[in-house]
Amino acid sequence: MAERKEKFYITTPIYYTNGLPHIGHTYTTVVADVLRRYKKMRGYDVVMTTGTDEHGVNVERAAKKADIPESEFVARMADAWRALWDELGLTADEFVRTTDLNHVRTVQWLFKLCKENGYVYKGHYTGQYCIYDNAYVNDAKTGDPCPDCGRPTETVTEENYFFKLSAFQKPLLDFYRKFPDFIQPETRKNEIVSFVEGGLKDLSITRTSIRWGIPVPGEEPHVFYVWFDALTAYLSAVGGPDYEKRGMWPADVHLVGKDIIRFHTVYWPAFLMAAMLPLPKQVWAHGWFLMDAAKMSKSKGNVVLPRPIANMLGMDALRYFMLREVVFGQDGNFSYDALVTRYNSDLANGLGNLASRTAAMLEKNFAGKVPKPGAFLPQDDALAKEAKNAIGEVLERYDKFEFARALEAIWSVIAAADKYLTTEQPWALGDSPEQESRKATILWTTAELLRIVTALAYPVLPESAAKVWNLLGQNMAIGATQLDGLRWGQLAPSVTLGKFQALFPRVEKTEAIERIEAMANEELNPAPAPAAKPAVSAPAGGTAAAAAPAPGPGEKIAIEDFAKVEMRVGQVKTAERIVGADKLLKLTVDIGSEIRQICAGIAQYYEPESLIGRKVVVVVNLAPRKLRGVESNGMIVAASVGPEGRPVLAGFHEDVEIGSRLK
Ligand code: ME8
């Protein structure tokens, strides 16, 4: 029987459902995804869990405000979280919802174990409670604000079940000593150790003041305190009471933000100790992404959303930026300026440029095949040595969660390759047999280096690395490649290269930022949905929205209604693709009286060059709007053909004057 692979279980926090993901949540989930991909490439059987934390007063209130039952509210939110993670390529192996029946059973089971072992008792509690953080504030007086979020606390008196946290002071301190890597980074560990040394108070783990929670069996109206509920999700994701069957528990790493480290390194291990269950191996608390030195929050109006960035620059760019710009564990400032600067310098000019240059030279000189290298000169060997050394270093950095350093090491090899090409100038070599052979050596060396850096960068840049992998004619899925088997020299000569796909087109900074901001604005303040279909057929992708409700099929409209739509003959002057919007073309169209910029959702069916000079029908009196952040002032009329709605541009068989009105 085949030996079972070693397992690796990674979790992200189970996020609250009273908002949608911003780049803070995306950060933790990206790191989990990077680790998931990396550990697979190191031969582990990996499970990654994320999910939604769906109970508590906040949800109760939000559902009331939305005038829908809590269950429906959280179902919609959970769907939205899951859909966004899928869209961003961050699909976890397990997605736990704390309203799942399996999870409910696991929480009740954990409580039963703690109670049977004598760590749970009934008592009364009066204190200040922060409903935003779902936590009692020790030693606070009536009217005091929450020390974590600054919002007002509420006074609560309840009959509660208490957990004997005080009994775990010594066991926890012993545990931290025995497993010095349990809390990462080191600075956070010191904080927690002094907190526990300061003494632990028993913790109330049920509530009677809240309705929307997991019921304590036989003890209604008690429901579980949200943190007792939420932390248990890590266990319910991998089998709950049957965790041994799945073989994934204990978690190898809980990834969290520093805001919730205490829950993960004090309460959670104490609950597990009380239940006599295995303890997680590590809790890694990263810092915050700050916006203008403040933590992001929707109420402050300073949230950065992931989707507009992914649309404009690609998700790989956001992943790269988050891991490269900030030392994992520390706080970092988020700025669009820094993001676009990194994109252009490291991705467009760095990896993207190296890949496109290499592809172009191989295509031109070796008919799109990997050449057989000739004799290696010392400079070739020197470059090979850099790449070989990088393999060991990068793996070590990933292992230590030093993502910025791992990327730095990869990019220094890319820079060395650029320098090598500039010095060796393969393009200046002639076609004598010696020079051909030299060219082959240089280009093989560059391609081999590209293969190595691509494999190493894959966990962070999955989409673009797969494109380069394809380009290099590598058949095996890049994610299934084993990094332990990665060696210099494995690129086989005469392999046919795949098609070159653009990786990171350079962007103009101001325009890129404006477009990201415009898209974020559209997402945060969505326009009301149009009441019905557009009055004129809009090409796929939508070129403009109809303002007025259209009549139903067969219904007649008055001539005045038709007269409201002003259509004119236009001539396309320029046409170009839009970075980050696969379906859209940006056109400038002469409509007689002026030249208009119009976006049309026809990029999948029309080459931009083929449109120049073409006469088209333009709806000229539509209100301007932004599509994917680009201003569109009018709409091009097209028929929508076939089941997939292929756009076919309306045009003329006779010569028509530009600007003529259609009646
Ligand atoms: O705390 N920078 O959920 P939550 C970096 N439901 N990371 C950030 C961030 C920022 N500005 N903002 C949020 C909860 N995060 C509980 C967790 S777990 C059993 C229960 C990330 O929706 C970071 O990982 O408030 C932080 O810990 C988490 O989102 C908080 O998510």
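Atoms within each ligand, like the ligands themselves, are counted from 1 in listed order. Here the structure is a predicted model, which is why all the values come from computation and not from measurement.
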Among the heavy atoms of Phe263, does any lie under 4.0 Å from an atom of ligand 1?
no

Gly24 N/O to ligand 1 N/O under 3.5 Å
yes

Number the atoms of ligand 1 from 1 as they appear, then name those within less than 4.0 Å of a heavy atom of Thr28, with their elements.
21 (C), 23 (C), 24 (O)

Take every heavy atom of Tyr234, measure it against each atom of ligand 1, and state whether any distance is under 4.0 Å.
yes

Suppose we measure from atom 17 (C) of ligand 1 to each protein heavy atom; which comes out shortest, and what is that distance?
Ile14 O, 3.3 Å

Does the His103 side chain pair with the main chain of Asp229, one donor and one acceptor, at a distance under 3.5 Å?
yes

Select the closest option to atom 1 (O) of ligand 1 among Ile260, Val31, Asn302, Val303, judged by heavy-atom distance.
Ile260

For residues Thr99 and Glu54, is any side-chain donor paired with an opposing acceptor at under 3.5 Å?
yes

So which protein heavy atom does atom 26 (C) of ligand 1 come closest to, and at what separation?
Asp259 OD1, 3.4 Å

For Met291, state whether at least one heavy atom is located under 4.0 Å from any atom of ligand 1.
no

With heavy-atom distances below 4.0 Å as the criterion, list the atoms of ligand 1 near His22.
9 (C), 12 (N), 13 (C)

Measure the distance from atom 31 (O) of ligand 1 to every protein heavy atom, then report the residue, atom name and distance (to 0.1 Å) of the closest one.
Tyr15 CD2, 3.5 Å

Distance from atom 11 (N) of ligand 1 to nearest protein heavy atom, with residue and atom
Phe289 O, 3.0 Å

Note the single closest protein heavy atom to atom 3 (O) of ligand 1, along with its residue, its atom name and the distance in Å.
Tyr16 CD1, 3.4 Å

Given side-chain contact (heavy atoms from CB on, under 4.5 Å), test Phe195 with Glu191 step by step and report yes or no.
CA-CA 6 Å; Phe195 171 74; Glu191 268 170 44; over 6 Å; no

Short version for His286: what comes under 4.0 Å of ligand 1, heavy atoms counted, is side chain

Please report whether the ring centroid of Trp284 lies less than 6.0 Å from that of Phe182.
no

Assert yes or no for the condition that the ring centre distance of Trp81 to Tyr15 is strictly below 6.0 Å.
yes

Would Pro13 count as a polar contact of ligand 1, with the cut-off being nitrogen or oxygen pairs under 3.5 Å?
no

By number and element, which atoms of ligand 1 are closer than 4.0 Å to a non-hydrogen atom of Asp53?
6 (N), 16 (C), 20 (C)

Atom indices of ligand 1, in the order listed, that fall short of 4.0 Å to a heavy atom of Ala230
19 (C)

Go through Tyr9 and Thr49 one step at a time and tell me if the side chain to side chain donor-acceptor pair (under 3.5 Å) criterion holds.
CA-CA 8 Å; Tyr9 179 31; Thr49 289; 3.1 Å; yes

Whether His25 and His22 hold their rings parallel, tilted or perpendicular, with breakpoints at 30° and 60°
tilted

Side chains of Asp86 and Thr91: any donor to acceptor distance under 3.5 Å?
yes

Let me know which of Phe403, Tyr343, Phe334 forms a ring pair (Phe, Tyr, Trp, His ring centres under 6.0 Å) with Phe321.
Phe334

Against ligand 1, does Gly287 come closer than 4.0 Å with any heavy atom?
yes

Atom 29 (O) of ligand 1: closest protein heavy atom, distance to 0.1 Å, is His25 CD2, 3.3 Å

Look at the aromatic rings of Trp249 and Trp268 and report parallel, tilted or perpendicular, splitting at 30° and 60°.
perpendicular

Gap separating the CG atom of Leu277 from the CD atom of Glu244, nearest 0.5 angstrom
9.0 Å

May I ask you to decide whether Glu522 forms a salt bridge with Arg307, counting only side-chain N to carboxylate O separations under 4.0 Å?
no

Under a 4.0 angstrom heavy-atom cut-off, which atoms of ligand 1 come close to Leu231?
19 (C)

